[in-house]
Amino acid sequence: MARVRYQPGEFEEKWQARWAAMGDTTARDDDPRPKYYNLVMFPYPSGDLHIGHWYNYTGADIFGRYMRMRGYNVTQPIGFDAFGLPAENAAIKRNIQPRAWTLANIDNMRAQLRRMGAGWDWSREVVTCLPDYYRWTQWVFLQFYKRGLAYRTKAPANWCPNCNTTLANEQVVNGACERCGTVVERREIDQWLMRITNYADELLNFDGLEWPEKTRLMQTNWIGRSEGAEIRFTASVPKENRKRGQRATVELPVFTTRPDTIYGVTFFVLAPEHPLVERLTTPERREAVRDYVEQARRESEIERMSADKSRVKSGVPLGSYVTNPVSGEQVPIWIADYVLMSYGKGAVMGVPAHDQRDFEFARAFDLPITQVVRDGDEELTDPATWAEAKTAHGWLVNSGPFDGAPAEEAVGRVIAWLEEHAVGMGAVNYRLRDWLVSRQRFWGAPIPIIYCETHGAVPVPEDQLPVRLPDEAQFKPTGESPLRYVPEFLHTTCPICGGPATRETDTLDTFICSAWYFLRYADAHDEAQAWDAEKVARWLPVDMYIGGPEHATLHLMYARFFVKALRDMGLLDFSEPFTRLYHQGMVLGPDGQKMSKSRGNVIAPDAVVSRYGADAVRAYLMFMGPFDQGGPWNNQGIEGVSRYLNRVWTLVTDYVEQRVGGAQAETPAGREVERLRHRTIARVSGDYDGLRFNTGLAALMEFLNGLNRAREESPALVHDPRYAAAVDTLLTLLAPMAPHIAEELWERVGHTESVHRQAWPTFDPALTEDEEITIVVQVNGKVRDTLRMAPDVTEAQAREQALASAKVAAALGGREPRKVIYVPGKLLNLVG
RNA sequence: GCCGGCGUGGCGGAACGGUAUACGCGGCAGUCUCAAAAACUGCUCCCCUCACGGGGUUAAGGGUUCGAAUCCCUUCGCCGGCACCA
């Protein structure tokens with residue numbers, strides 16, 4: 001008789017349709033069970049779900065299904081992060097509109113997401129490019145604007161000449177555009193920023209969060225908190241109205257982490273872009289300075305991204321001098337591109353003796369080097385003979401009133417002096433910069449601001465939102481937003497005076513859309529407000545967030561900032577969006593390399609799903625290795641997992657066939673089956689809790705192997721109710737990982753209610769142990785024998801048996817054990 | 001350069017400080033078959049031994065411990081992040 005084999009194609013889609021009709025994955029707000037918010041990073045609708053999405057979402061779905069069986073009211077919402085550059089680039093390339101391209105992709109990806117068999121809560125779907133979503137993105141932006149957390153300024157911005165837009169600091173990688181790799185330029189333009197720096201300190205606090213250590217560290221380093229002092233140097237400059245001979249004093253503050261080295265300042269350096277450069281330049285230096293500034297502007301980003309950071313320092317003197325407010329000394333002012341306008345005050349006090357970069361600069365231009373810190377009682381040597389700066393903290397020398405101040409105190413004493421004399425203060429500086437959010441592109445949420453000649457920048461009244469994107473635009477590489485060339489969009493009237501006005505034509509960074517989408521999921525279709533406070537209080541914060549680690553300093557930091565700011569506006573009553581965070585690893589191509597079209601090593605999910613079924617793809621992805629590690633795809637690996645599912649199929653269908661007729665009766669073999677069942681429940685539960693799906697599946701494989709062996713040895717097992725329980729447990733434990741086959745077989749076994757509605761099985765710890773255990777006997781730490789004994793064996797009994805063993809006796813060679821280590825139920829070590 | 005992570009069979013990977021190599025892949029042998037595929041069974045870290053058995057092995061070296069893949073130190077290699085951050 002031909003056996004009916006496991007053919008997932010025959011039932012997977014049937015169950016997907018039935019589950020949709022059942023509605024179990026649609027979480028109700030009024031469900032009395034405890035809530036569980038199981039979130040995945042929503043996809044960008046690029047066209048197709050790729051294997052990385054499958055990996056991410058399968059792990060999340062297994063966890064969500066598991067939590068549902070554990071009795072939680074789980075929501076696992078899904079949506080689309082639908083604004084962004086690829087749509088616009090596709091529009092340019094194919095001469096279509098971004099909206100049509102995006103919405104078609106979304107339709108396709110919805111079907112692919114369903115084909116995973118994942119328990120999505122479609123009732124909460126959000127699509128960020130639709131007006132009923134971006135209306136509220138604009139509203140959120142205006143709340144930030146009203147409180148001064150969104151502002152417009154003219155400042156140097158990262159400009160990608162290929163994408164024709166500005167970029168956030170976080171989107172610049174090694175001086176190049178994160179998206180296209182083009183070297184980023186600096187441009188002075190008006191732009192919108194979000195005041196994330198207000199929250200720098202609070203963002204450093206991760207208390208109560210279950211986040212990967214690595215991610216917390218990355219954010220911490222990105223924020224880059226340094227403690228030190230602000231010190232105000234002064235310089236004399238010609239008065240701006242240029243009355244002959246009249247001079248004014250300007251302040252030149254610096255930030256330093258080493259105020260204790262203040263007496264070692266021998267020069268002063270400004271960033272080439274520093275606003276006071278021109279005024280501080282003497283006439284005879286004007287030309288050289290202008291050349292250097294020009295050169296730095298042209299080359300800086302390219303040069304600064306070059307790997308060789310030890311390149312020779314460059315710079316030119318301005319011809320003028322600053323006064324050191326502590327020592328009263330005058331030192332020359334230089335500009336040099338090793339000083340960055342974007343960090344600190346854009347100016348540094350040059351202390352070549354105790355800072356390596358200043359040291360190199362002084363060497364390059366023969367500037368004096370004065371030692372002001374000594375390390376213990378060492379003899380002072382001539383700094384001209386040093387190979388590098390002495391950066392250790394120590395005792396002050398050559399430092400006027402501070403001479404002899406010890407390491408611990410020196411910094412504090414100098415700061416106290418600065419404060420007392422009102423020329424500086426203790427200060428904290430951050431590497432983090434405000435978040436630049438305006439993009440000179442079409443396919444984003446329009447910034448809801450109107451410019452009026454008399455009233456300036458005026459926010460669009462909230463009841464007039466959304467500011468709709470026009471249906472069509474022309475895409476030309478002008479460097480300006482295409483919206484500028486849509487007259488119906490551009491021209492409007494001032495909300496205050498009704499006079500002629502123009503709209504802001506930049507759109508918002510898509511990271512704004514994704515910085516609050518997890519709030520909208522709680523109340524996705526509210527037409528009256530961004531979210532209902534009660535619903536958000538019901539569902540937030542997110543209990544589990546699973547997504548890639550590449551967003552550590554982007555989305556994950558922006559979302560934290562948004563939640564904290566919205567909390568301070570009284571719009572939320574919690575401080576952190578994501579309680580538990582988990583990063584899945586990356587699926588590599590069969591060659592162990594990152595998948596890419598050019599390498600030809602891309603695995604298309606649709607193709608493998610049609611060949612092996614969704615369950616096999618899910619299970620194989622999880623079996624590949626630890627979930628946070630990912631690994632190379634192996635075509636034979638999925639064969640193996642598919643074979644396993646086939647064996648499950650065979651075991652259960654055989655059982656259904658063979659149990660017919662015979663009377664129910666316990667068999668001796670049933671005892672071991674029952675123990676195996678309990679042990680497996682314990683293992684799989686623990687593994688699912690910890691997202692260790694690879695070992696969870698290994699346990700399920702061992703379970704199946706054990707059941708096959710037991711039934712082979714005692715065929716009467718099929719009539720033993722403990723075997724029936726084992727079959728049920730196998731399917732129940734498998735259900736989160738391979739939901740379709742589990743459901744199909746569950747029905748074939750004769751159950752009428754979905755396997756996914758079953759309570760997660762419990763286990764009795766007493767039954768997870770074998771009736772007889774193996775005690776390892778070591779002599780001097782080397783294994784010499786193993787003993788089969790009762791689990792409650794005492795040390796004396798174990799010792800007696802061990803000494804009776806010939807192998808042990810031989811190893812001991814007649815000596816008496818000097819010491820005996822006994823680990824109950826596990827091991828006996830005889831030390832001779 | 002700085003910060004973090006990781007090195008275990010031919011391969012992916014298991015191992016509360018307690019029998020290293022679970023589970024799977026691949027390979028070898030067998031059952032079934034006219035044959036193949038599928039399915040099933042057994043073997044499969046290295047060395048010595050026909051065997052019984054013994055010795056060795058978690059990148060390399062050292063240390064702590066009755067006992068180390070696991071903890072500590074040094075070196076090498078790979079991966080990720082940051083990078084002239086004052």
Side-chain angles (χ1 to χ4, degrees), chain A residues 2-3 5 173-175 212-222 224-226 228 254-258 261 269 271 303-311 313 336-340 342-351 354-358 360-361 429-433 549-550 552-553 586 588 592 620 623-626 628-629 631-641 643-644 646-647 650 692 694-702 704-705 708 712 774-786 807 810 817-823 825-832:
Chain A
R3 163 167 291 146
R5 293 200 54 228
V173 178
N174 285 336
E213 169 78 17
K214 186 188 162 93
T215 308
R216 299 199 311 253
L217 261 166
M218 276 174 66
Q219 287 199 3
T220 302
N221 292 339
W222 187 263
R225 183 181 203 272
S226 325
V254 295
F255 172 77
T256 177
T257 53
R258 294 295 303 271
T261 64
V269 193
E303 285 294 312
R304 287 173 191 189
M305 69 175 280
S306 80
D308 181 18
K309 295 299 176 190
S310 60
R311 73 197 168 96
K313 294 275 183 294
D337 65 3
Y338 84 90
V339 176
L340 309 173
S342 52
Y343 184 80
K345 302 289 172 188
V348 305
M349 56 183 217
V351 185
H354 307 294
D355 179 279
Q356 185 58 24
R357 293 149 305 178
D358 295 345
E360 288 163 15
F361 192 74
N429 195 59
Y430 298 92
R431 208 192 77 109
L432 183 70
R433 287 185 253 167
E550 66 277 9
T553 53
M586 189 189 289
L588 304 172
Y620 170 60
F623 192 58
M624 211 156 57
D628 59 359
Q629 199 177 295
W633 177 276
N634 181 329
N635 286 313
Q636 273 142 359
I638 190 170
E639 292 275 358
V641 169
R643 275 203 285 272
Y644 168 72
N646 193 26
R647 288 201 301 276
T650 306
R692 293 184 299 267
N694 57 329
T695 49
L697 183 52
L700 288 169
M701 288 175 170
E702 289 182 55
L704 181 82
N705 293 344
N708 269 330
E712 185 77 18
T774 304
I775 302 253
V776 173
V777 183
Q778 300 182 330
V779 175
N780 292 327
K782 280 195 190 291
V783 178
R784 294 300 172 182
D785 203 358
T786 57
K807 294 176 192 170
R818 175 161 58 75
K819 187 173 171 187
V820 177
I821 311 280
Y822 180 62
V823 182
K826 282 207 161 162
L827 170 139
L828 188 73
N829 189 7
L830 307 172
V831 185

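Per chain, numbering begins at 1; letters A, B, ... match sequence-line order.
Checked against side-chain contact (heavy atoms from CB on, under 4.5 Å), A:Arg258 has the following partners two or more places apart in sequence or in another chain: A:Thr256, A:Asp260, A:Thr261, A:Val373, A:His393. Remark: A:Ser226 pairs with A:Tyr343 by the side-chain hydrogen bond (donor to acceptor under 3.5 Å, both in side chains) rule, at least two apart or across chains. Residues satisfying the side-chain contact (heavy atoms from CB on, under 4.5 Å) criterion with A:Thr215, sequence neighbours excluded, are A:Trp211, A:Pro212, A:Ala552, A:Leu556, A:Leu581, A:His583. Legend: residues meeting side-chain hydrogen bond (donor to acceptor under 3.5 Å, both in side chains) with A:Gln636, ordered by chain and number and at least two apart, are absent. Qualifying salt bridge (Lys or Arg N to Asp or Glu O under 4.0 Å) partners for A:Asp358, counting only residues two or more places apart in sequence or in other chains: none. Scanning for side-chain contact (heavy atoms from CB on, under 4.5 Å) contacts around A:Val831 gives A:Asn780, A:Arg818, A:Lys819, A:Asn829, with sequence neighbours left out. Taking the ring-ring contact (aromatic ring centres under 6.0 Å, His included) definition, one finds that A:Phe361 meets it with A:Phe267, A:Trp334, A:Tyr338, A:Phe365, sequence neighbours left out. Here A:Arg216 pairs with A:Glu213 under the side-chain hydrogen bond (donor to acceptor under 3.5 Å, both in side chains) rule; sequence neighbours left out. Residues that satisfy the side-chain contact (heavy atoms from CB on, under 4.5 Å) test with A:Lys214, not counting sequence neighbours, are A:Met218.
Because its glycosidic torsion is within 90° of 0, B:G9 is reported here as syn.
Atom CG of A:Asn646 is separated from atom CD of A:Glu639 by 11.0 Å, given to the nearest 0.5 angstrom. Atom CZ of A:Arg647 is separated from atom CG of A:Asn705 by 6.0 Å, given to the nearest 0.5 angstrom. The line from CZ of A:Arg225 to CG of A:Leu432 is 13.0 Å long, rounded to the nearest 0.5 Å.
Checking B:C82, B:A14, B:G24 against the side-chain heavy atoms of A:Arg431 singles out B:C82 as nearest. The side chain of A:Leu340 lies closest to B:C84 when the candidates are B:G13, B:C40, B:C84. Taking only side-chain atoms of A:Leu217, from C-beta outward, the nucleotide of B:C3, B:A14, B:G24 with the closest atom is B:C3. Nearest to the side-chain atoms of A:Lys782 among the listed nucleotides B:G56, B:A86, B:A83 stands B:G56. Nearest to the side chain of A:Tyr338, among B:C84, B:G24, B:A86, sits B:C84. When distances run from any side-chain atom of A:Met218 to the nucleotides B:A22, B:C66, B:G81, the shortest one goes to B:G81. Nearest to the side chain of A:Arg5, among B:A86, B:G4, B:A38, sits B:A38. With B:G54, B:C82, B:C23 as the candidates, the nucleotide lying closest to the side chain of A:Arg784 is B:G54. For A:Met701, whose side chain is taken as the heavy atoms from C-beta onward, the closest listed nucleotide among B:A14, B:C23, B:G26 is B:C23.
Looking at which nucleotide of RNA chain B each of A:Ala347 and A:Asn780 is closest to, the 5′-most match is held by A:Asn780. With RNA chain B read from its 5' end, the first of the two nearest nucleotides for A:Lys345 and A:Arg692 is the one closest to A:Arg692.
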Kindly give the atom pairs (protein nitrogen or oxygen, nucleotide nitrogen or oxygen) under 3.5 Å for nucleotides 5-12 of chain B.
unit_1, atom_1, unit_2, atom_2, d
B:G12, O2', A:Met624, O, 2.5

Contacts under 3.5 Å, N or O only, protein and nucleotides 16-19 of chain B:
unit_1, atom_1, unit_2, atom_2, d
B:G18, N2, A:Gln778, OE1, 3.2
B:G18, N2, A:Asn829, ND2, 3.4

Just the atom pairs and distances: protein N or O near nucleotides 27-32 of chain B's N or O, under 3.5 Å.
none

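If you take atom P in B:G24 and the same atom in B:U41, they sit 11 Å apart, rounded to whole Å. With P as the reference atom, B:G42 and B:G81 are 46 Å apart, rounded to whole Å. Annotation: B:A38 and B:C28 have their P atoms spaced 13 Å apart (nearest Å). Atom name C1', nucleotides B:G54 and B:A59: the rounded distance is 27 Å, in whole Å. Separating the P atom of B:C16 from that of B:A69 is a span of 13 Å, rounded to the nearest Å. One C1' atom belongs to B:G80, the other to B:C84, and the distance between them is 22 Å to the nearest Å. Separating the P atom of B:G7 from that of B:G17 is a span of 15 Å, rounded to the nearest Å. On the P atoms, B:U31 is 14 Å away from B:A37, given to the nearest whole Å.
Pairing for B:A38 is absent, with no Watson-Crick or G-U wobble pair whose two atom distances lie under 3.5 Å. Remark: B:G7 base-pairs with B:C76. Criterion, Watson-Crick or G-U wobble with two distances under 3.5 Å. In this structure, B:U65 forms no base pair with any nucleotide, since neither Watson-Crick nor G-U wobble geometry is met with both distances under 3.5 Å. In this entry B:G1 has B:C82 as its Watson-Crick or G-U wobble partner, both defining distances falling under 3.5 Å. Both distances falling under 3.5 Å, in either a Watson-Crick or a G-U wobble arrangement, place B:G26 opposite B:U44.
Residue A:Met701 qualifies as enclosed at atom CE: its count of foreign heavy atoms under 6.0 Å is above 12.
The CG atom of A:Asn694 sits 5 Å away from the P atom of B:A14 (whole-angstrom rounding). Summarising the geometry, the separation between CD on A:Gln636 and P on B:G13 is reported as 16 Å, rounded to the nearest angstrom. One interatomic measurement links the two molecules: CD of A:Glu639 to P of B:G26, which rounds to 8 Å at whole-angstrom precision. Across the protein-nucleic acid pair, A:Arg643 atom CZ and B:G26 atom C1' stand 10 Å apart, rounded to whole Å. Rounded to a whole Å, the CG atom of A:Leu700 is 15 Å from the C1' atom of B:A14. Protein atom CG of A:Asp628 is 19 Å distant from nucleotide atom P of B:C79, rounded to whole Å. One interatomic measurement links the two molecules: CH2 of A:Trp633 to P of B:G24, which rounds to 19 Å at whole-angstrom precision.
Although no hydrogens or angles enter the test, the distance criterion places a donor-acceptor pair under 3.5 Å between the side chain of A:Tyr620 and the main chain of A:Asn634. Side chain of A:Tyr644 to main chain of A:Leu704: no donor-acceptor pair is present (N/O by atom type, distance under 3.5 Å, no hydrogens or angles).
A:Gly224 comes within contact range of no nucleotide atom at all, as no heavy-atom separation falls under 4.0 Å. The residue A:Asn429 sits apart from the nucleic acid: no heavy atom pair falls under 4.0 Å. Contacts of A:Arg818 with the nucleic acid, taken as non-hydrogen atoms under 4.0 Å apart, are absent. Heavy atoms of A:Pro549 sit nowhere under 4.0 angstrom from any nucleic acid atom.
Residue A:Asn705 has a polar side-chain atom (N or O) positioned under 4.0 Å from OP1 or OP2 of B:G24.
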